[in-house]
Amino acid sequence: MARITTIQGFGDAVNSAMEQLLRSAVLEIDSRLKQASPVDTGRFRASWQVGENAVGSYDAGPQQSPVNEDRSLTKPPNKPSVELRKMNYEQERLGNVYSVHNNLPYAEPLAGGPSFPPSWGGRYRSKQADPGWVEGVAKDIQGFVQRTADRIARQS
C-alpha cells in the first residue's frame, strides 16, 4: 500500500534521511581512521576528533617514553580508544561542515608515510601503515556513502 504524505512531510522525510546518511558517514570515517592508525603508544589513534565548522585542539596527553632507544619496547594500550570524539557539538546536521582530523604535530607526516617530504628526516614514519593509508580510507568512504544512501532510499 502506498504512503500518502504532504509536500512538507516529504521534505521532512528527505531531510531526516540525509542527516542519517551524514551521521553514518562521519561515524564511519572516524572509526576507519582510528582502526587504520598505526599504534605505538596509542596517542595518535586517541587524538582523532570530529569538528563541526571548526577544527578542535584535542591532544590525547603526553607521549609515552620509549623503554629503549628504537621504540620497539613501548607498551601501547591493549585496546586503544575508538570513541567518537566530537568537538563542541552534539549531532550532525545538514548545512554544517565536518572535519575528521588529528592535530598532533606528527600526524601529517605519519599519515603521509614514506612519501612525505624528506625534510622530516624520516621521523614519524610507520612500519605499520602503508603510504597513502588516509587517502585509502577516504576512497573507501565514498563507496560506503553510496551503499548507505542506496539502503536508506530502499527503506524509505
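Basis for what follows: all heavy atoms, side chains included, without hydrogens, waters or symmetry-related copies.
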Checklist line | Whether R45 side chain and Q35 backbone form a donor-acceptor pair below 3.5 Å | finding: yes
Next item on the list: Evaluate the side-chain proximity of V39 to F44: yes if any heavy-atom separation is below 4.5 Å, no if none is.
Entry: no
Next item on the list: Answer whether the closest heavy-atom distance between the side chains of H101 and Q49 falls below 4.5 Å.
Entry: yes
Notebook entry, point to check: Is V145 close to E28 at the side-chain level, that is, under 4.5 Å between some pair of heavy atoms?
Noted result: no
Check: Is the number of heavy atoms from other residues, nucleotides or ligands within 6.0 Å of CD (Q91) greater than 12?
Finding: yes
Next item on the list: Hey, could you give me the OG/CD distance between S99 and E52, rounded to the nearest 0.5 Å?
Entry: 10.0 Å
Margin query: Treating S16 as the side-chain partner and D12 as the backbone partner, does any N or O pair qualify as donor plus acceptor under 3.5 Å?
Written below: no
Next item on the list: Output yes when a side-chain donor or acceptor of Y98 lies under 3.5 Å from a complementary backbone atom of R93, and no otherwise.
Entry: yes
Notebook entry, point to check: Where the side chain of N96 meets the backbone of N53, is there a donor-acceptor pair that is under 3.5 Å apart?
Noted result: no
Note to self: To the closest 0.5 Å, what do you measure between CD1 (I29) and NZ (K34)?
What the structure shows: 12.0 Å
Next item on the list: May I have all residue pairs that pass side chain to side chain donor-acceptor pair (under 3.5 Å) and include part of residues 136-149, sequence neighbours excluded?
Entry: Q146-D150
Notebook entry, point to check: What are the two closest non-hydrogen atoms of F144 and S24, and how far apart are they?
Noted result: CE2-O, 3.6 Å
Check: If only atom types and distance count, is the side chain of S37 paired as donor or acceptor with the main-chain N or O of L33 below 3.5 Å?
Finding: yes
Next item on the list: Take R43 and L104 through the test side chain to side chain contact (heavy atoms under 4.5 Å, CB included) and record every step on the way to the result.
Entry: CA-CA 9 Å; R43 181 180 185 216; L104 290 178; 3.5 Å; yes
Note to self: Suppose we screen for side-chain hydrogen bond (donor to acceptor under 3.5 Å, both in side chains). Which residues come up paired with R23, at least two apart in sequence or across chains?
What the structure shows: none
